[in-house]
Amino acid sequence: MDAGALAPREAALLWSAATGGPWPDPSGLEGDARFMAMALAAAQEGVGLASPNPPVGCVIVSGGRVIGTGTHLRAGGPHAEVAALADAEARGETAQGATAYVTLEPCCHQGRTPPCTAALLKAGLARVVVGVRDPNPRVDGGGIALLRHRGVRVTVGVLGPSCAAFHAPFFKLIGTGLPWVSFILDPGDRPPPVKHIGQAVRRCAEAVVIGRRTAEVRDPSLRDGWPVPAPPHRLLRRVVLDAGASLDPFRRVWRPLDHQPVLRATLDAALPLQGVEDLRPGPGPNGLSLDGLLRNLAARGAGRVLFEGGGDLARSLLALDLVDEFHRFRREGPAVPLFKDPVLRWAGRTRLRVAIPGGTWEVLNRP
């Protein structure tokens, strides 16, 4: 897909939906809610880039004007609050007495970078507005308490449900050790709108997984084809489930791609494939342990994992309750028989339903 395949407005709408939205529109809001919606818009820029850290967004406001905007774009890089303060300084603005709007509670511990609470205090912020509290045990209310103790006015919960939904993948990773799992039910010959949807969801992920049959029938490369160029530090791990290590070495998925390493999940010792790393997630129902695979990918820094495939793979994941959101394209015409549509057996909550040429795109979230 080339950069001209999508108009900017279409790309923005797809990206909002792929990152868990639709999200609140700042233009329709006022006061704190408006500025928090701007912070959420900034946070979207870090999806697929910041994992295993959360893609936090921050805006700094003084006198009703946004004087700085920041996004956490890379683990080990500046957090959103620090990036927003740097942006304000670069604009020749001062954050003294200003208000910071941040989608997730500022950190208060020394990690790869210094605590954001220290940066906010040093800058002289008078107020901090937090979308949602951080459940990370190293934070978990500590950042809010520290700021209040030092005399900063703190408001918590502005657009709280939206911020919590946006940060749900990070919350799951912190709470369970498992990445956020999306599944796209392969509709076969994909019309262009469905291809665009798939590319948006794939750009959100740090790993994309297919089964052996999908690799044989579709022979995909699994490349990241979203039209907005990705920064060099982005990694999209391409994973093939091949328990018997029997998929032939001439498939397109095995071909090297920059910043998109390929891995083969297998049970058995097998002849190595050049440039391909083997994973051993262990045995599980109907072949490989999908739970073991997800934990392995999470340990490698993948906070979002996308599975693409057919009904068999979908049923395996759903039976193990490993799916967080399910994407499907329903073509116009007669209803799909139950045995061909595994999501019909899943009591997911419909988050989004959009009419597109040739059918309907539906996104269902974990019940």
Side-chain angles (χ1 to χ4, degrees), residues 6-51 53-61 66 68-73 79-81 83-84 99-106 129-135 155-173 180 182 184 193 196-205 226-228 303-304 306 324-327 348-356 361-366:
L6 282 175
R9 177 174 171 78
E10 292 175 308
L13 290 172
L14 280 180
W15 187 247
S16 173
T19 55
W23 305 114
D25 182 356
S27 66
L29 299 171
E30 296 180 349
D32 286 348
R34 176 169 171 260
F35 294 120
M36 186 60 74
M38 291 181 181
L40 266 174
Q44 292 176 50
E45 298 177 16
V47 176
L49 301 176
S51 192
N53 290 356
V56 178
C58 177
V59 299
I60 298 174
V61 177
V66 174
T69 302
T71 307
H72 185 42
L73 297 172
H79 287 195
E81 299 92 325
T99 297
Y101 293 82
V102 60
T103 58
L104 186 67
E105 176 183 5
V129 180
V130 175
V132 66
R133 181 168 163 164
D134 187 348
T155 302
V156 182
V158 173
L159 294 188
S162 293
C163 291
F166 179 80
H167 289 299
F170 174 67
F171 293 171
K172 181 187 179 186
L173 187 64
W180 184 264
S182 301
I184 289 184
H196 298 161
I197 291 164
Q199 293 294 357
V201 179
R202 191 180 289 178
R203 169 57 68 87
C204 289
W226 186 242
V228 179
R304 290 175 179 255
L306 170 63
D324 295 290
E325 64 175 21
F326 199 109
H327 297 251
R349 172 182 60 84
T350 301
R351 189 188 87 221
L352 187 68
R353 182 180 286 118
V354 179
I356 57 177
W361 173 36
E362 295 180 333
V363 185
L364 293 89
N365 278 51
R366 178 188 291 273

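Side chains are part of it too, since the values below use all heavy atoms of this structure and drop only hydrogens, waters and symmetry mates.
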Could you pull out all donor-acceptor pairs under 3.5 Å where a side-chain atom in residues 39-51 meets a protein atom, sequence neighbours excluded?
from  : atom 1 : to     : atom 2 : distance (Å)
Ser51 : OG     : Gly301 : O      : 3.0
Ser51 : OG     : Gly303 : N      : 2.9

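Heavy atoms from other residues, nucleotides or ligands lying under 6.0 Å from CZ of Arg349 number more than 12.
With contacts defined as side-chain heavy-atom distances shorter than 4.5 Å, the pair Leu13/Arg9 qualifies. At a threshold of 4.5 Å between non-hydrogen side-chain atoms, the residues Leu14 and Trp226 count as touching. Counting heavy atoms from C-beta on, the side chains of Leu104 and Phe171 come closer than 4.5 Å.
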Taking it one step at a time, do Val129 and Met36 satisfy side-chain contact (heavy atoms from CB on, under 4.5 Å)? CA-CA 8 Å; Val129 180; Met36 186 60 74; 3.8 Å; yes
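Expressed to the nearest 0.5 Å, how far NE2 of His196 lies from CH2 of Trp361 amounts to 12.5 Å. Annotation: the span from Ile197 atom CD1 to Arg202 atom CZ amounts to 13.5 Å, rounded to 0.5 Å. The CG atom of Asp32 lies 7.5 Å from the OG1 atom of Thr99; values are rounded to the nearest 0.5 Å. Note that CZ of Arg351 is 5.0 Å distant from CG of Asn365, once rounded to the nearest 0.5 Å. Between Leu159 atom CG and Phe35 atom CZ the span is 12.5 Å, to the nearest 0.5 Å.
The two residues Pro24 and Ala37 come nearest to each other via the heavy atoms O-CB, 3.8 Å. The heavy-atom pair separating Pro169 from Phe166 by the smallest distance is CD-O, 3.4 Å.
When only modelled atom types and interatomic distance are considered, His327 and Ser182 share no side-chain donor-acceptor pair under 3.5 Å.
The backbone N or O of Arg203 sits nowhere less than 3.5 Å from a side-chain atom of Arg304 that would complete a donor-acceptor pair. Under a 3.5 Å cut-off, the side chain of Thr103 and the backbone N or O of Cys163 do not form any donor-acceptor pair.
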